[in-house]
Structure formats: structure tokens, C-alpha cells
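Report on the structure given below.
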Amino acid sequence: QVQLAESGGGSVQAGDSLRLSCAASGRTVGSYAMGWFRQAPGKERDFVAGISWSGGSTYYADSVKGRFTISRDNAKNTVYLQMNRLKPEDTAVYYCARRQQVANFYLARNYDYWGQGTQVTVSS
């Protein structure tokens with residue numbers, strides 16, 4: 001069993017930065033790809049960023065490319081999402097998740113463990 005816990009969310013102004021963390025416990029996630037998703041009220045849960053188990057490959061939604069950076073520290077069993085130049089449309093609950101082996105990064109159904117989410121609110 002894996003438990004994922006996100007932290008680092010908050011309320012910021014447009015143009016500010018936040019760094020989200022996702023700490024895993026129970027079992028290591030070092031051999032799994034990981035992803036970040038977000039869900040705004042009334043909308044579906046959308047892919048934001050993904051990272052391979054080694055950290056050597058990263059993937060981003062077009063809406064965040066160039067502003068967000070995903071990284072991981074397998075020694076700490078933690079995945080990060082650095083979010084810069086935040087926009088009001090980035091407002092959502094952000095979730096981290098563990099991707100199942102050999103699966104597409106972009107689909108939520110390909111992830112088997114999820115955190116409880118952390119709220120990010122960006123005001124203009």
C-alpha cells in the first residue's frame with residue numbers, strides 16, 4: 001500500500017510561484033513514474049505533468065509548459081511541482097499520483113494511487 005500526501009498549496013497573486021511536494025509513504029515509489037493532475041470546480045481531472053521513475057524524462061500539458069517543472073528525489077520518496085508565473089486559470093486542487101507500469105502518462109485511469117490533493121488559488 002502506498003500513501004501520497006501533497007503539500008505546498010495556497011493562495012497567491014497572478015505571477016507568483018508555488019512549490020508543491022508529494023511525499024510517499026508505505027512503499028517506495030522510486031521505481032514508478034509519477035504524475036501531477038489538477039481539478040477545478042465542475043471540471044474533469046486534467047493531466048499537468050509527469051516524470052519517469054529515474055527523472056530522466058518529463059512531460060507537460062501545453063497549458064503549463066515553460067512555467068511548471070516536475071522533479072523528484074527518490075532518496076526522499078518525494079515528487080515536486082515548481083509552479084512559476086501562476087495564472088488565475090491555474091486555480092484548482094492539485095493531486096499527485098503513481099502511474100501504473102507501462103501506461104500512458106496523460107490519462108487519470110492509468111494511475112493507481114492518489115493523494116488527497118492540495119488547493120491552489122491564484123487571484124488576478
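We number each residue from 1, following the sequence as shown.
Here the side chains of D90 and R67 are in contact, with some heavy-atom distance below 4.5 Å. In this structure, the side chains of Y60 and V48 stay at 4.5 Å or more apart for every pair of heavy atoms. Taking the side chain as every heavy atom from C-beta outward, Y95 and R45 approach each other to under 4.5 Å.
A donor-acceptor pair is defined here as one N or O able to donate and one able to accept, closer than 3.5 Å; no such pair exists between the side chain of Q82 and the backbone of F68. Side-chain N or O atoms of N77 include one that pairs as donor or acceptor with a backbone N or O of V29 at under 3.5 Å. Panel note: side chain E6, backbone Q116; a donor-acceptor pair is recorded below 3.5 Å. The backbone N or O of Q100 lies less than 3.5 Å from no partner atom in the side chain of N110, so there is not a single donor-acceptor pair. Using a distance-only test at 3.5 Å, with no hydrogens or angles considered, no donor-acceptor pair links the side chain of R27 to the main chain of V2.
When the shell of 6.0 Å around NZ of K65 is examined, it contains more than 12 heavy atoms from other residues, nucleotides or ligands.
Side-chain polar atoms of T78 and D73 form no donor-acceptor pair below 3.5 angstrom. A side-chain donor from one of T121 and Q119 sits under 3.5 Å from a side-chain acceptor of the other.
A distance of 11.0 Å separates CZ in R99 from CE in M34, rounded to the nearest 0.5 Å. Here the straight-line distance linking atom CD1 of I51 with atom SG of C96 works out to 12.5 Å at 0.5 Å rounding. Note that CZ of R98 is 11.0 Å distant from CD of Q3, once rounded to the nearest 0.5 Å. One finds the NZ atom of K87 at 8.0 Å from the OG atom of S63 (value rounded to the nearest 0.5 Å).
Shortest non-hydrogen contact noted between L81 and A49 is CD1-CB, 4.1 Å. Closest approach of A40 to A92, counting heavy atoms only: N-CB, 3.9 Å.
Under a hydrophobic clustering in which Ile, Leu, Val, Met, Phe, Trp and Tyr are joined whenever their side-chain heavy atoms come within less than 4.5 Å, directly or via other members, Y94 and F105 fall into different clusters. V64 and L86 fall within the same hydrophobic cluster, where Ile, Leu, Val, Met, Phe, Trp and Tyr residues are linked whenever their side-chain heavy atoms come under 4.5 Å apart, directly or through other members. In terms of hydrophobic clustering, with Ile, Leu, Val, Met, Phe, Trp and Tyr side chains grouped at heavy-atom distances under 4.5 Å, V120 and V79 are assigned to a common cluster.
Each salt bridge (Lys or Arg N to Asp or Glu O under 4.0 Å) pair with one or both residues in residues 114-124, not counting sequence neighbours, would appear here, but there are none. Screening residues 25-48 for ring-ring contact (aromatic ring centres under 6.0 Å, His included), with sequence neighbours left out, gives F37-F47, F37-Y111, F37-W114, F47-Y106.
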Could you give the side-chain donor-acceptor pairs of residues 12-25 under 3.5 Å, partners two or more places apart or in another chain?
residue: Q13; atom: NE2; partner: S123; partner atom: OG; Å: 3.3
residue: D16; atom: OD2; partner: Q13; partner atom: N; Å: 3.1
residue: S17; atom: OG; partner: N84; partner atom: OD1; Å: 3.0

